[in-house]
Amino acid sequence: MALASLKHVLKLLIIVLLKNLTSAQIPDYHTAKIPTTWINNNVSVVNVTKPLTYPYYSFNQSSGPFMRILMLKEMEKDMAYACGFASNGEDDSFVFSVGVVRLRQDSVGIRRWSDLELVWFANRNQPVHENGTLQLLQDGDLVLKDVDGTLVWSTSTTNKFVSGIKMMETGNLVLHDMYNETVWQSFDHPTDTLLPGQKLRAGQRLVARVSSSNWTEGNYFLSVTNQGLFAFYISNKPQMYFKFLVTGERDSFNESYVKAVNGTLALYICSTEPNEPNAVFSRPSRMNFLRYDYDGHLRSYAEGSDQQTNFLADFIGVCDYPTACGSLELCSNGLCSCPGPFKRSNDRQNNGCVEVSPVECNGQRSHKMMRVSDVYYFNYVDTEAAALRGTDVESCQELCMRNCSCKVVLFRYFTNISSGDCFLPSPVLTLINDGKERSGYESSAFIKIPNDTENDTDSIAARRIGIIAGSISGAFLLIAICVSILIAFKRKQTLQENNDDYSDEISGTLRFSYEQLKVATGNFQQKLGQGGFGSVYEGVLQDGQKVAVKVLDGFGQGKREFLAEVQTIGSIHHVNLVRLIGVCAEKEHKLLIYDFMSNGSLDKWIFGTGATQFTFNWQIRRSIIHDIAKGLAYLHEECRQRIVHLDVKPQNILLDDKFCAKVSDFGLAKLVDKDQSRIVTRIRGTPGYLAPEWFSAFITEKADVYSFGVVAMEILCGRKNVDYSHSLEYPHLLSLFMEKAENNQLIDMIGNYNDDLQFNTSEIIRMMKLAVWCLQSDFTLRPSMSMVVKVIEGTMDIETQLDYSIPNSQTIAAIKRIADTTTTLFPSILSGPR
């Protein structure tokens with residue numbers, strides 16, 4: 001009886017405890033000791049020291065971004081700082097991060113953490129997946145590993161006497177020693193957010209996110225130096241859109257920083273802790289955190305995301321941000337419109353304005369410049385951004401007219417002074433037309449339009465009146481003149497057709513005489529490479545520019561076809577394509593003049609031996625792969641006429657003095673055969689890089705994607721695809737590569753790099769998986785090159801359902817047999833170093 005009563009009492013006690021659970025104070029789990037391991041999984045996040053109880057320390061995955069909390073430090077008003085595995089709720093990727101959360105009571109009375117705002121990231125560019133682990137090791141290092149064991153991130157605190165980790169009430173994640181002294185802290189490694197009391201020091205950056213839901217690094221960054229505070233947009237290169245300079249004496253031995261404190265963003269220049277800051281940007285009533293947002297705005301947030309203050313509002317307007325509107329759009333008081341003969345793009349990924357009638361690069365006669373007054377550009381704050389300084393408006397327009405890829409040029413000039421500065425934006429971002437008066441200077445935009453486009457109604461009316469008047473007063477005279485001109489033109493054309501000398505104008509490229517090129521090359525003395533179609537020689541033009549001169553021998557096209565093809569190639573300009581800068585076409589002499597690439601072709605750098613052997617680090621290899629992808633994406637998708645390279649290989653990838661990769665010989669396939677359909681019946685390319693569909697003779701641009709996959713594989717592994725020079729168990733790299741990929745052992749394929757791979761292994765393996773995607777035997781399963789670029793830039797995921805089979809030996813042998821019998825058709829024979 002007594003036992004039954006005791007059970008009854010215990011039962012009542014449990015009911016009371018469960019009833020009051022929702023109003024009980026939640027334990028403040030904010031510390032952990034070494035060693036501790038946390039596992040990221042669907043069921044729970046396990047802290048081997050202190051297990052955390054669901055649902056108080058997790059978020060509902062169906063409601064967008066959520067965090068699986070590992071540690072939490074409560075603050076006032078039901079707010080807390082938490083660290084854990086955060087996900088945007090859209091895919092199986094997680095970042096270890098610190099966030100601000102709020103405790104709210106739901107409809108059934110259960111208190112849950114919500115309103116997640118992430119303020120620091122450890123691995124924002126390299127997310128981990130389900131069952132990834134965070135470990136505070138016995139040696140004091142805090143390491144983050146993916147599910148396959150790949151090291152993603154580390155504090156590098158091995159043997160620094162770390163005894164534990166704690167989440168501070170300031171939001172600072174701290175590793176401390178046995179004396180509670182800080183060994184490492186997240187405050188020293190800001191990402192895109194500053195918390196109250198946190199400093200952004202000289203040499204550090206706040207890098208904005210790609211978007212509100214994509215936490216990877218975007219195109220905006222903010223930095224502080226001993227000169228002041230600066231904000232940039234990164235496109236082809238960093239472009240400044242905001243600066244705050246500090247005048248006066250500065251001590252170069254002390255540090256500079258900005259600091260968020262007491263509701264104020266304060267700028268301190270070259271001083272350890274002065275009594276007064278050099279500048280105070282804003283004084284909001286309350287600040288939970290300060291974030292550099294994905295649109296380039298610097299905002300403080302209070303009470304979650306409800307209350308915002310723009311810190312730069314007193315200095316720049318809404319239209320002064322690079323992406324306030326889309327590409328080529330005019331921004332006026334926050335409203336966006338398209339200038340002149342442009343219309344709004346329907347492409348959601350590339351918003352902005354596009355030409356109604358695209359400008360064709362058929363020489364300067366095919367287009368003209370339309371002036372739009374009172375148009376400004378964001379990077380005027382940077383005096384070094386001007387392409388030409390102290391020039392006149394005509395020279396500024398001419399600079400754009402000569403550049404086929406130029407769409408807009410801006411001329412900024414001081415009042416009552418005819419000379420000014422010329423800005424050639426690339427790419428063209430938001431144009432500013434806000435009606436504000438600028439002190440001391442004015443600015444106009446000159447927009448390239450087709451020559452038959454006329455938007456000035458006054459000019460149209462005047463031209464019509466002139467035509468009517470001329471027709472009435474001199475119809476017969478005009479007809480007589482036209483007939484005379486026509487006869488003279490026909491006579492001249494007949495003479496030209498009977499003359500072997502090519503005097504036709506080739507638009508978009510420079511004309512050279514054969515004698516000029518003989519002088520430039522020293523009578524063709526220094527040969528850079530040789531093939532069946534001719535040889536390549538090093539030369540120096542009269543202005544000192546080094547060039548590569550390709551002499552085409554036995555070229556079978558007629559003069560009209562040759563000039564048409566050269567004109568097409570000459571109109572294509574991209575930073576990752578070798579530029580055709582000139583041509584010579586005199587009688588039997590046909591020569592092409594290219595930019596000189598000082599570091600030659602890629603193959604000698606990744607396959608070289610002895611004196612030519614050089615081991616690239618990971619960043620250079622990644623940059624080269626990225627450059628190749630961007631160049632091919634431009635050829636496939638951004639040209640007026642799609643161009644398929646058909647011979648992508650390391651010998652056709654050239655490197656400039658900064659090891660920027662440029663694709664060469666992208667026009668040779670067109671020069672050899674003017675196929676207009678997607679079906680190609682003759683083999684072109686190099687064995688080892690040929691896609692398996694060559695055997696079926698149905699070729700699309702996906703053949704280039706396969707070849708790119710082979711090149712990327714060779715760069716990552718550091719050896720040739722086919723190599724019989726060593727006693728290798730696998731002379732065919734592709735077979736071994738696919739076998740390792742299928743068995744999740746790609747780490748074994750990493751080549752010899754000259755840097756520490758500890759922090760790069762995960763990214764290298766990810767790039768290898770991208771190569772596998774490109775090497776799919778079925779060309780319909782391969783990504784487009786634009787998708788490849790997005791994967792490399794971190795804005796798109798890799799396909800997970802991959803086929804690891806390789807073309808069968810019969811197909812490979814057939815391709816090699818056909819290729820061996822069609823050697824004279826290969827564009828690759830001109831692919832020696834330039």
Side-chain angles (χ1 to χ4, degrees), residues 233 235-241 319-320 322 325 327-332 338-342 352-353 355 357-456 459 507-510 543 545 570-571 573-575 579 581:
Y233 178 85
S235 51
N236 297 334
K237 61 180 181 179
Q239 299 184 61
M240 187 189 304
Y241 68 94
C319 290
D320 294 320
C325 293
S327 171
L328 272 169
E329 283 191 292
L330 291 172
C331 180
S332 179
C338 291
F342 287 81
C353 301
E355 302 116 311
S357 300
V359 176
E360 298 183 0
C361 288
N362 294 325
Q364 297 185 21
R365 297 178 183 177
S366 66
H367 49 262
K368 60 184 178 182
M369 307 304 291
M370 178 186 73
R371 183 169 191 162
V372 184
S373 300
D374 299 323
V375 174
Y376 301 83
Y377 207 57
F378 65 87
N379 70 349
Y380 282 174
V381 299
D382 183 7
T383 57
E384 301 300 324
L388 288 177
R389 303 183 66 182
T391 187
D392 55 56
V393 65
E394 290 79 14
S395 299
C396 188
Q397 294 181 70
E398 183 67 20
L399 179 66
C400 187
M401 291 283 283
R402 295 198 309 265
N403 188 337
C404 185
S405 61
C406 174
K407 294 184 178 181
V408 175
V409 68
L410 294 107
F411 183 67
R412 184 185 69 171
Y413 56 98
F414 294 96
T415 307
N416 301 324
I417 300 177
S418 60
S419 64
D421 298 334
C422 188
F423 292 81
L424 197 68
S426 178
V428 184
L429 302 173
T430 299
L431 301 173
I432 305 168
N433 183 218
D434 54 9
K436 295 181 181 179
E437 292 186 3
R438 266 67 177 180
S439 59
Y441 71 89
E442 299 178 23
S443 177
S444 294
F446 294 88
I447 303 175
K448 188 182 292 183
I449 59 174
N451 211 11
D452 58 355
T453 300
E454 192 67 66
N455 294 284
D456 188 342
S459 298
S507 303
T509 56
L510 296 176
D543 60 1
Q545 180 183 2
S571 67
H573 298 290
H574 189 272
V575 67
R579 183 170 62 108
I581 60 176

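When a residue number appears, it is its place in the shown sequence, counting from 1.
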For [X] against [Y], the heavy-atom pair lying closest together:
| X | Y | answer |
| --- | --- | --- |
| Val428 | Ser327 | O-OG, 2.9 Å |
| Tyr377 | Leu429 | OH-N, 2.9 Å |
| Leu410 | Cys396 | O-SG, 3.7 Å |
| Cys406 | Lys448 | O-NZ, 3.0 Å |
| Phe446 | Met369 | O-CE, 3.3 Å |
| Thr391 | Ser395 | OG1-CB, 3.2 Å |

Start with the C-alpha gap between Leu328 and Cys338, add the side-chain angles, then the distance that decides, and say whether side-chain contact (heavy atoms from CB on, under 4.5 Å) holds. CA-CA 7 Å; Leu328 272 169; Cys338 291; over 6 Å; no
Are Arg389 and Glu384 side-chain neighbours, meaning at least one heavy-atom pair lies under 4.5 Å? yes
State, with a plain yes or no, whether a side-chain heavy atom of Pro425 is found less than 4.5 Å away from one of Asn379.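 No. Closest side-chain heavy atoms not under 4.5 Å.
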So how far is it from [X] [atom1] to [Y] [atom2], rounded to the nearest 0.5 Å?
| X | Y | atom1 | atom2 | result |
| --- | --- | --- | --- | --- |
| Phe411 | Ser419 | CZ | OG | 6.5 Å |
| Tyr376 | Glu442 | OH | CD | 6.0 Å |
| Cys325 | Leu330 | SG | CG | 8.0 Å |
| Gln239 | Ser426 | CD | OG | 8.0 Å |
| Asp421 | Ser443 | CG | OG | 10.0 Å |
| Leu431 | Phe378 | CG | CZ | 9.5 Å |

Treating [X] as the side-chain partner and [Y] as the backbone partner, does any N or O pair qualify as donor plus acceptor under 3.5 Å?
| X | Y | answer |
| --- | --- | --- |
| Thr430 | Pro322 | yes |
| Asn433 | Asp374 | yes |
| Ser373 | Ser444 | no |

Would you call the rings of Tyr380 and Phe423 parallel, tilted or perpendicular, taking 30° and 60° as the class edges? tilted
